[in-house]
Amino acid sequence: MTEKLYYKDPYLKETIVQVAESAADERGPYVLLGETCFYPEGGGQPADRGAIGEAEVLDVQNHEGQIRHYLDRRLELGEYMAALDWQRRWDHMQQHAGQHLLSALLEDQHGYTTASFHLGQERVSIDLHQASISRETLRQVELEANRIIQRHLPVRTRFVTEQQLEQLHLRKPPAVSGDIRLVEMEGIDLNACGGTHPDNTAGIGMLKILGTEKAKGGMRLYFLCGERALEHYGKLSDTGDALISKLNAPLAELTQAADVLLAEKIAADKEIVELKKQLLLSEAQALSPDEGLVIRNYGDRPVKELQQLAKLATVQYPSICALFAAQKDGSIRLVCARGEERDADMRETLKRLLAETDGKGGGTAALAQGGGNTAAPFERFRELFSDMHAGG
């Protein structure tokens, strides 16, 4: 049985360990240690990382009572120096303790119960049974959490038996049996937990609620603690400074300045759309049908434009059949259209043309489009289309 040094001292950063077994499974090479400072994934907290000798610790997992340390290489049996990625561990300790504090305040003061906890790489979240929560409640909880953090309250751990547990009032029943590890935040929270935490609330640093979203029939609340929160708001501050400079507006007026800019963009986009329509109409009017046909290869022009152009062309010239193509780098996109005075089925036409490619397409009798890869030159498609529809 591996001795769990992270329970004795969660601040232990390095120690000498004995590799008792070295093996491999579907995850890769792993070792079993006589004692470990590496926390295995569990209870919503990710696994520690670091190094054992020259080997990098990639993951740590509980497996049928064993704590397997997965490495980037095989290790021989013997003694090695083990060193934690301390920044990662400290971040996890801050986030996990912050979750205990936040969940306790939400439940005790506002009746919101935590269903689950997830410590992600960027954000931390808890899932609540309730479907909504007011901004004012979130502000109150956040303020109270940070006041408690500043009180430097002790965070203690201890193991109790199942019989002793019956005399205690835990927030929720433990998920394991046997000896149960309790984490107590003095006067705030008492809960069964196997994770690592600072030894007092000041270690959490700070707590910032980011927002909420609907999830699993309830609500997911996102938050950050400690150095992760500080880093996040440093990025927000840098972004704010950049926007202040670009929009030439003070912080308090950034939203208004952005609204003005967006309104101008919407108006400009509408104008661009209208101008494009006019340009396409002029282009359609300038087409010169030859024997009832209009055939053009437009290179890498967007197919959407070719579809619009084909519709306008067949309105301007109702007795034509049109083939518009966008051919580039061994691929071709085809648009086949006919005016209302022609009775050809463009789906059949397209099907015949696509036989020269490995592609497919579809549409209506009046307008069909498709494409694929082909080594055939455009002249081959021009020839086929002309044979089918020339002279109308």
Side-chain angles (χ1 to χ4, degrees), residues 243 246-248 255-354 356-374 376-392:
L243 290 174
K246 289 180 180 296
L247 298 178
N248 193 27
T255 300
Q256 181 181 352
D259 287 341
V260 170
L261 191 63
L262 287 172
E264 291 174 352
K265 181 183 181 301
I266 290 171
D269 287 345
K270 288 181 178 179
E271 185 175 356
I272 289 171
V273 169
E274 187 57 37
L275 287 172
K276 282 185 175 180
K277 286 181 180 179
Q278 293 179 22
L279 284 171
L280 284 171
L281 179 58
S282 297
E283 187 175 358
Q285 292 171 339
L287 292 171
S288 301
D290 182 15
E291 296 186 7
L293 301 179
V294 176
I295 303 174
R296 300 284 190 278
N297 182 5
Y298 290 96
D300 59 354
R301 191 166 179 178
V303 173
K304 198 168 195 179
E305 283 189 17
L306 299 187
Q307 291 171 339
Q308 294 173 320
L309 182 60
K311 290 176 182 178
L312 291 170
T314 53
V315 171
Q316 292 296 315
Y317 303 100
S319 62
I320 67 166
C321 285
L323 171 63
F324 295 154
Q327 187 175 31
K328 183 183 178 183
D329 299 332
S331 68
I332 192 167
R333 295 287 294 176
L334 301 167
V335 176
C336 304
R338 61 149 171 89
E340 61 180 11
E341 295 179 7
R342 300 291 292 269
D343 58 3
D345 189 332
M346 292 296 105
R347 293 169 297 190
E348 293 300 319
T349 299
L350 178 67
K351 183 178 179 180
R352 176 65 187 88
L353 296 177
L354 289 178
E356 302 293 321
T357 77
D358 63 355
K360 57 185 178 180
T364 67
L367 180 68
Q369 59 279 324
N373 296 314
T374 182
F378 180 68
E379 289 305 315
R380 174 59 177 163
F381 296 94
R382 179 194 297 275
E383 178 185 339
L384 290 171
F385 193 82
S386 297
D387 288 345
M388 287 185 280
H389 301 297

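Counting begins at 1 with the first residue of the sequence. For the numbers below, each heavy atom of this structure counts, side chains included, while hydrogens, waters and symmetry mates do not.
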For the student: nearest non-hydrogen atoms of [X] and [Y], plus distance:
| X | Y | result |
| --- | --- | --- |
| Ile295 | Ser386 | CD1-OG, 3.5 Å |
| Gly363 | Gln369 | CA-NE2, 4.2 Å |
| Ala325 | Asn297 | O-OD1, 3.4 Å |
| Ala337 | Thr314 | CB-CG2, 3.8 Å |
| Val335 | Ala310 | CG1-CB, 3.8 Å |
| Arg301 | Leu280 | NH2-CD2, 3.5 Å |

Is there a side-chain contact between [X] and [Y] in this structure, where contact means two heavy atoms from C-beta onward sitting under 4.5 Å apart?
| X | Y | answer |
| --- | --- | --- |
| Asp300 | Gln327 | no |
| Ile320 | Leu293 | no |
| Arg342 | His389 | yes |
| Arg296 | Leu287 | yes |
| Val294 | Phe324 | yes |
| Phe381 | Thr357 | yes |
| Leu323 | Thr349 | no |
| Leu367 | Lys311 | yes |

Can Glu348 and Arg338 be said to form a salt bridge (charged side-chain N to carboxylate O under 4.0 Å, His left out), step by step? CA-CA 12 Å; Glu348 293 300 319; Arg338 61 149 171 89; over 6 Å; no
Atom [atom1] in [X], atom [atom2] in [Y]: separation rounded to 0.5 Å?
| X | Y | atom1 | atom2 | result |
| --- | --- | --- | --- | --- |
| Glu379 | Arg382 | CD | CZ | 4.5 Å |
| Arg380 | Glu356 | CZ | CD | 4.5 Å |
| Gln308 | Lys276 | CD | NZ | 8.5 Å |
| Arg352 | Asp387 | CZ | CG | 9.0 Å |
| Leu309 | Leu279 | CG | CG | 11.0 Å |
| Met346 | Cys321 | CE | SG | 4.0 Å |

Kindly write out the residues that satisfy side chain to side chain contact (heavy atoms under 4.5 Å, CB included) with Asn373, not counting sequence neighbours, or none if the list is empty.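 Side chain to side chain contact (heavy atoms under 4.5 Å, CB included) check on Asn373 returns Ser331, Asp358.
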Donor-acceptor check, side chain of Tyr317 to backbone of Gln285, threshold 3.5 angstrom: yes or no?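 Checking the backbone N and O of Gln285 against the side chain of Tyr317, a donor-acceptor pair under 3.5 Å is found.
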When you look at [atom1] of [X], are more than 12 heavy atoms from neighbouring residues, nucleotides or ligands closer to it than 6.0 Å?
| X | atom1 | result |
| --- | --- | --- |
| Asn248 | CG | no |
| Asp259 | CG | yes |
| Gln278 | CD | yes |

